[in-house]
Asker: 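Got a structure for you, questions after.
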Amino acid sequence: MTTSEQQKLLERFAPNIRFTKGEAYLPADIFSYLKRCSLVAHYSGGEEKELVPRGRLTPEELTKERVLPKGTVLHLRLTEDVTLREAVVVRNRVAAWKKSHKNRFVTAQGRLARVGVVSRVIDALFSLTLILRGRVPGLASNLAADVFIKDAKHLKEAVYYGHVVEDKERGWIALQYWFFYYFNDWRSGFSGVNDHESDWEMATVYVYKNKKGTYTPEWVAFASHDFHGDDVRRHYLDTDEVLRVGTHPVIHAGVGSHASYFRQGEYLANFPLPAPFFLRGTIDAFVNFWSKHFSIGKDHLRVTIPFIDYARGDGISVGYKEDLPVKVIPISDTTEWVSKYKGLWGHFAQDPLSGEDAPAGPKYNRDGSVRLAWQDPFAFSGLDAVPVPSRVLEQLKKEYLHIQKEKETYEKEIEVLQRKISQISLRLNALEAITEAATLRKGLNDELKQLKKRKETAYTSYQATLLLLESIEKKIAIIQKGGAIDMRGHIANLAKPTDIQVIRFAKAAEIWASVSIGLMILCLLLTVLFFPSNLLMAFLVIIYTFSILEAIIRKRYVRTLSAIALSLVFISSLILLSIYWKILLLSILAISAIYLVYENIKELRAIFSSEK
Amino acid sequence: MAMQFEKNSVRRSIALIVGIGLFYCVVFCYRAFEAGTLLWEHYLKYGTVITSGDRESAVTLLQFTQSVVYMFSLLMILYLFLKLKRASYVILLTLVSLSLGINIIEHFLFVEARTPWMYFVMFLGIIMTISLLQKHIQDIFLREETR
């Protein structure tokens, strides 16, 4: 494909982005950003050195060969330290700009009111960790917004970076769009997970060349946070999921985070609390067991931290027929700033969880390895296992022939096994009356059992091939008739905007959600002061009482009660185990002994009966 | 066939729940009476049901509460048996959880309450809770919610 063909395709399917009110940034070009930044080397000892001062940084300077000591992190720095007076001026200026542009974020039901008490405790602990972890300074978001507002004053178009990857073997072409934002202010602006200087987001449209020689769009994948795989991919024609303006799919961007969503709304992202590695297996086994046998879903057994991504789409929009047009600039491995600069595109906050560190460019991860999305955009969205529609029929027919051969093999195997079974049955029949042939009979009996088992297995596989052939035949018939496409079969977890939860006494519940954790900690403190001898018990009673109150407000009484009952069962079982472990052990041994005796007697009986 | 199996397993589970419940209740009628008498005597002697620092009366009060909890569960079980109502299920699960909670409190706070009898009750409570939390049982009783 020629460069101009690539450019035409990129422009034809470039997504529109609809932002939420309160968003301060738009997809921008990196050149104006670089002009605002300095290039800094962070050495492994902790000291920093400015390599290129603010105002002099160009793409050439950025990609210049530099010999740096091992462990050095190269990063840009957009914001600088300012005095308190300057900070207040900047903050007021940004607020005034948002007000004058009617771009103020409208708060809805708070995230804390949408989640349970345990998640709120974890959230409080997570917020406390920010004090200990490295993080982007609080003023940075206003400073960055101020810089962007100045740069965007005469902005006539938003900028996307387009990357085209062809999978010649399977026929797919990935049109990858990279969006660059000056800053991610999800945490400081919208109670999200993190803040960081610069932000790279991505969306991909997958097309293929049809029999007429034109390009047909088939799939769309949007990146949101660190998710990848089948779940991020939607069918281009799935109108419930993929909104389109002409040929352009629409992205609803999360305010502050810039994560891309298909449908507009508010997404409750429950980030699971990472468990220590040595406990993960046990926890997973426990959760799987309970969710399988009892009515408590996996999601309710895991502790998560709640965050909301507001992707309302009620703010400014960019793209075809939107508020602002877009320009797509092609990039590839030969683009120097893409391939040669492996450093971070903003402040290196030294956050051990990395959430507050600026991201690296479109090609690289923070550690310098190549991003999966860049290297293999097909594997990123699980498309590496899917053929293009024009080749599906051909591949299905091939598979049909292959399974038919398998079926014939099983038929032959069953026939041979049946012949052997009949043979051995005949021999056994002949030996029936002969007393001295007991050992021979036992051997033949064992062989017969094994043959029957093998025949059973072969028969199950044979049945499976029949089922497969039937379903492939049906599938071929549907395709030949030009029938319906399975648009969502690949999706395990469909991301849906959350409904505003039904909460009793809505205002009171919001207040309760905000104060309850503090109140609970106070109760725990009072317990430490006044009932120091029964701490554990008092803690449990307080936590259970708060959970029950919470459940009544949220109309989740049964679910919470089930979880509490489950935990009580767990504690009681531990108590019983600690006291009666000897009896339990003896019981297990006794049962095992009885079982062994029973099995042996059964075998003995079989021998006696065959001797008769 | 699957339907039949499901019906049978539901019947078995309900029978187990009701069986344990009835067993509980007969015994607890007696225990409630016994503990109630002790509390009443205490009240006549000191003018209160429980006096500060008197651990014995505290244990008696706990046992009385637990016994009453199970007496009520008898009513619930009968109702459950007859009507298969959501409310009866919720109340029964609440009562059983409450009883397990009381057992745990007894175990940790009152050494004198740690009798084999108490642990047997705890064991029954565990079985009953697990029976109540089973998927098919919840599906039947909480049908409105699962829909």
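Letters A, B, ... are given to chains in the order of the sequence lines, protein chains preceding strands, and every chain is numbered from 1.
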Asker: Answer yes when B:Glu106 and B:Arg114 have at least one side-chain N-carboxylate O distance shorter than 4.0 Å, and no when they do not.
Answerer: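 So B:Glu106 does not pair with B:Arg114 through a salt bridge.
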Asker: Below 4.0 angstrom, N of the basic side chain to O of the carboxylate: do A:Glu456 and A:Lys452 qualify?
Answerer: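 Judged by the 4.0 Å cut-off on N to carboxylate O distance, A:Glu456 and A:Lys452 do not form a salt bridge.
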Asker: Walk me through it: do B:His107 and B:Ile104 pass the test side-chain contact (heavy atoms from CB on, under 4.5 Å)?
Answerer: CA-CA 5 Å; B:His107 170 81; B:Ile104 294 169; 5.6 Å; no
Asker: In terms of heavy-atom pairs under 4.5 Å with chain B, which of A:Ile571, A:Val541, A:Val569 leads?
Answerer: A:Val569
Asker: Could you tell me which portion of A:Ile548 (side chain, backbone, both or neither) has an atom closer than 4.5 angstrom to a non-hydrogen atom of chain B?
Answerer: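 No part of it gets close to chain B.
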Asker: Non-hydrogen atoms of chain B under 4.5 Å away: do they reach the side chain of A:Tyr544, the backbone, both or neither?
Answerer: neither
Asker: Do A:Lys602 and A:Glu599 meet the salt-bridge criterion of a basic N to acidic O distance under 4.0 Å?
Answerer: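 A:Lys602 and A:Glu599: salt-bridged.
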Asker: So which part of A:Ile564 gets closer than 4.5 Å to some heavy atom of chain B, the side chain, the backbone, both or neither?
Answerer: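 Neither part.
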